[in-house]
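Take a look at the structure below.
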Number of protein chains: 2
Amino acid sequence: MTDAPAPARRGTARERLLVAAGELFYSEGINTSGVEAIAARAGVTKATLYNNFRSKDQLVAEYLRGRLESSRRNRARFDDPAQAPAGRVAAFFEEVEHAIANGTFHGCPYSKAAVEVPGNAEAMVVVQEHYADVIAHFTDVTGDRTTAETIAMIYDGGMLAAKASGTAEPMARAKAAALRLIAS
Amino acid sequence: MTDAPAPARRGTARERLLVAAGELFYSEGINTSGVEAIAARAGVTKATLYNNFRSKDQLVAEYLRGRLESSRRNRARFDDPAQAPAGRVAAFFEEVEHAIANGTFHGCPYSKAAVEVPGNAEAMVVVQEHYADVIAHFTDVTGDRTTAETIAMIYDGGMLAAKASGTAEPMARAKAAALRLIAS
DNA sequence: TCACTTCTATACCGACCGGTATGGCAAACA
DNA sequence: TGTTTGCCATACCGGTCGGTATAGAAGTGA
C-alpha cells in the first residue's frame with residue numbers, strides 16, 4: 001500500500017537485495033512483488049539488481065535457498081539428537097508457533113512458492129530440497145520413514161490451517177497429533 | 001505453451017466461460033491466466049466475458065463457488081450418514097486419490113487460490129466457506145470438532161504432499177493416518 | 001595517476017495486463 | 001414487423017511487468 005519503508009542499509013547491495021526480496025516475496029507474494037519495488041526497498045536501483053542477479057527467477061531461487069540454509073543452520077545448532085524424539089518433534093512445530101506469536105508467519109514459504117512459480121523454475125529445485133530435508137529430519141528423529149512422512153503432512157497441513165485461521169491454535173493441534181503418532 | 005485447444009462449445013457463453021476459466025485457473029494458475037486466454041478458450045471474446053462478469057475477481061470467485069457447490073452436491077448425493085465413520089472418512093480421501101489417478105489433480109484449488117489472490121478478494125470468501133465445510137463435515141462424521149480439525153489438517157497436508165510428489169501415495173498415507181486417529 | 005569495478009540515475013523496450021468503447025450482426029420475442 | 005438482447009470483432013486505454021542500454025559518479029588498488 002504505502003511506499004517502501006525504511007530499508008536495511010547494512011551490508012553489500014547484494015545482501016540488502018536478498019533481504020528486501022525475502023521480505024516482499026514472503027509477505028506480499030512472489031508474482032506480486034516487482035523487481036523495481038525490491039530494488040527500491042533495498043535502497044538500490046534496478047540496474048544494480050541485474051548486476052547481481054541474472055533474472056528475477058534466480059533472485060527467487062536464491063531467496064529460497066537462503067531460507068533453506070538458514071533452517072539447516074538452526075537445526076544443526078539447536079536440534080539435539082540425544083534428546084527424546086517427542087521433544088525434538090515438538091521443537092520443530094513450536095518454531096512455527098513462535099513465528100505466529102511474533103506476527104512473522106505468513107504461511108509456508110516453500111508451498112507458497114510452489115504455487116506461485118512455474119514448475120520448471122530454478123526455485124522449484126529448492127522447494128524439493130526443502131521437502132526432502134523435512135522428511136529426512138523426521139526420519140532421523142523417529143527412525144521410520146513412513147511415520148516421518150505422515151508427520152511432515154501434519155506439519156504442512158498445520159501451517160496451512162494456521163495461515164487460514166490467523167491463529168497459532170491449529171499448529172498446537174498439529175503438534176499434538178504428531179506426538180500422539182510417535183507415542184504409538 | 002500452445003494455442004488454446006478445442007474448447008467445449010456446449011451451453012451458454014457464461015457457462016463456457018466458467019468451464020474455460022476453471023480449467024485454466026486450476027491447471028495454469030489464476031494470476032497466470034489472462035482474461036483474453038480464458039475468453040479464447042471459451043470460444044468467446046473479451047467483451048462477452050465482461051458482459052457476463054463484472055471483473056476477473058468476480059470470475060475467480062464464481063469459479064471457486066462452482067467447485068464448492070459441486071462438492072456439496074456430491075457430498076449430499078454420495079455421503080451416507082448411516083455408514084460407519086471410517087468408511088465416510090475414507091471416501092473423502094479416496095476422492096482425491098481417484099483424481100490423482102485420473103491425472104486431473106493439481107493440488108487443492110482453495111489453498112492455491114488463497115496464495116494467488118489478495119486477502120480482500122471476493123474469492124477469499126469462498127475459500128473460507130470451503131474450509132468451514134470440510135471441518136463441518138468431519139465434525140458431523142466423527143462427532144468431535146477437535147478430531148475433525150486434525151483430520152482436515154491431515155487432508156490438506158496430504159494434498160500438498162501429493163502435489164509435490166506427483167503420486168497418490170501420500171494421500172493413501174494421509175487416509176491411513178486419519179483412520180488411525182478416529183480408531184482411538 | 002590510471003584502470004577497474006560498482007554503484008547511481010534515467011530512459012527506454014516489447015509484451016502483457018485488466019478493462020472499456022463502439023458498432024454491427026443475428027436470433028428471439030412482441 | 002420492429003425491437004431488444006446477446007454476441008461478435010476490433011481497436012484502444014493506462015498501467016505494470018521483466019529486462020536492457022547508456023553514461024556518469026565514487027571508491028579501490030596498483
Side-chain angles (χ1 to χ4, degrees), chain A residues 1-4 7-22 24-25 28-64 113 115-124, chain B residues 1-4 7-22 24-25 28-64 113 115-124:
Chain A
M1 283 304 142
T2 67
D3 289 344
R9 288 214 162 265
R10 301 255 157 225
T12 67
R14 184 189 172 85
E15 288 164 349
R16 277 182 284 136
L17 278 164
L18 278 172
V19 169
L24 285 179
F25 286 158
E28 310 284 338
I30 292 173
N31 292 330
T32 317
S33 303
V35 288
E36 201 113 37
I38 295 167
R41 189 186 188 97
V44 146
T45 62
K46 196 160 58 153
T48 303
L49 190 154
Y50 280 97
N51 276 346
N52 285 276
F53 301 93
R54 197 185 326 121
S55 63
K56 186 186 180 182
D57 186 22
Q58 194 208 345
L59 179 58
V60 173
E62 299 227 10
Y63 141 67
L64 279 181
V115 172
E116 290 210 84
V117 310
N120 57 1
E122 284 187 48
M124 284 305 292
Chain B
M1 280 304 144
T2 68
D3 289 344
R9 287 214 163 265
R10 301 255 156 226
T12 67
R14 183 188 172 85
E15 288 164 350
R16 277 182 284 134
L17 279 164
L18 278 172
V19 169
L24 285 179
F25 285 159
E28 309 285 336
I30 292 174
N31 293 330
T32 318
S33 303
V35 288
E36 201 113 36
I38 295 167
R41 189 186 188 97
V44 146
T45 61
K46 196 160 58 154
T48 303
L49 190 156
Y50 279 98
N51 276 346
N52 286 275
F53 301 95
R54 199 186 322 123
S55 63
K56 186 185 181 183
D57 186 21
Q58 194 208 344
L59 179 58
V60 174
E62 299 227 10
Y63 142 66
L64 279 182
V115 171
E116 291 211 81
V117 124
N120 57 1
E122 284 187 47
M124 283 306 292

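So that the names make sense, note that chain A is the first sequence line, chain B the second, and so on, each numbered from 1. Please read these numbers as outputs of a predicted model, since none were measured by experiment. The figures that follow rest on heavy atoms only: side chains count, while hydrogens, waters and symmetry mates do not.
Between the side chain of A:Q58 and the backbone N or O of A:R54, at least one donor-acceptor pair lies under 3.5 Å. A distance-only check finds a donor-acceptor pair linking the side chain of A:S33 to the backbone of A:G29 [under 3.5 Å].
Per the geometry, NZ belonging to A:K46 stands 9 Å off P belonging to D:dG19, to the nearest Å. Residue A:R16 contributes atom CZ, which lies 12 Å from atom C1' of C:dT6 at whole-angstrom precision. Look at CZ on B:F53: it is 14 Å from C1' on D:dG6, rounded to the nearest Å. At whole-Å resolution of the value, CG in A:L49 and P in D:dC17 are 13 Å apart. Between A:L17 atom CG and C:dT8 atom P there is a gap of 9 Å when expressed in whole angstrom units. Going from atom CG of A:N31 over to atom C1' of C:dG18 covers 16 Å, rounded to whole Å. Put simply, CD on A:Q58 is 11 Å from P on D:dG19, counting in whole angstrom units. Spacing between atom CD1 of B:I38 and atom P of C:dC17 amounts to 10 Å, rounded to whole angstrom units.
Side chains of B:F25 and B:T32 form no contact here, defined as non-hydrogen atoms less than 4.5 Å apart.
Proximity of B:T45 to the phosphate of D:dA9: no side-chain N or O atom is located under 4.0 Å from OP1 or OP2. Side-chain N/O atoms of A:T48 include none lying less than 4.0 angstrom from OP1 or OP2 on C:dC7.
Looking at A:E62 and A:R14, a side-chain N of the basic residue comes within less than 4.0 Å of a carboxylate O on the acidic one, giving a salt bridge.
Between A:R54 and A:T32, the residue anchored closer to the 5' end of DNA chain D is A:T32, taking for each the nucleotide with the nearest heavy atom. Taking for each of A:A47 and A:V35 the nucleotide of DNA chain D with the nearest heavy atom, the 5'-most of the two is the partner of A:V35.
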Carefully, step by step, assess A:F53 and A:V35 under the rule side-chain contact (heavy atoms from CB on, under 4.5 Å). CA-CA 11 Å; A:F53 301 93; A:V35 288; over 6 Å; no

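Looking at heavy-atom distances under 4.0 Å, B:N52 makes contact with sugar-phosphate atoms alone, never a base.
Closest to the A:K56 side chain, of the nucleotides D:dA21, D:dG19, C:dG19, is D:dG19.
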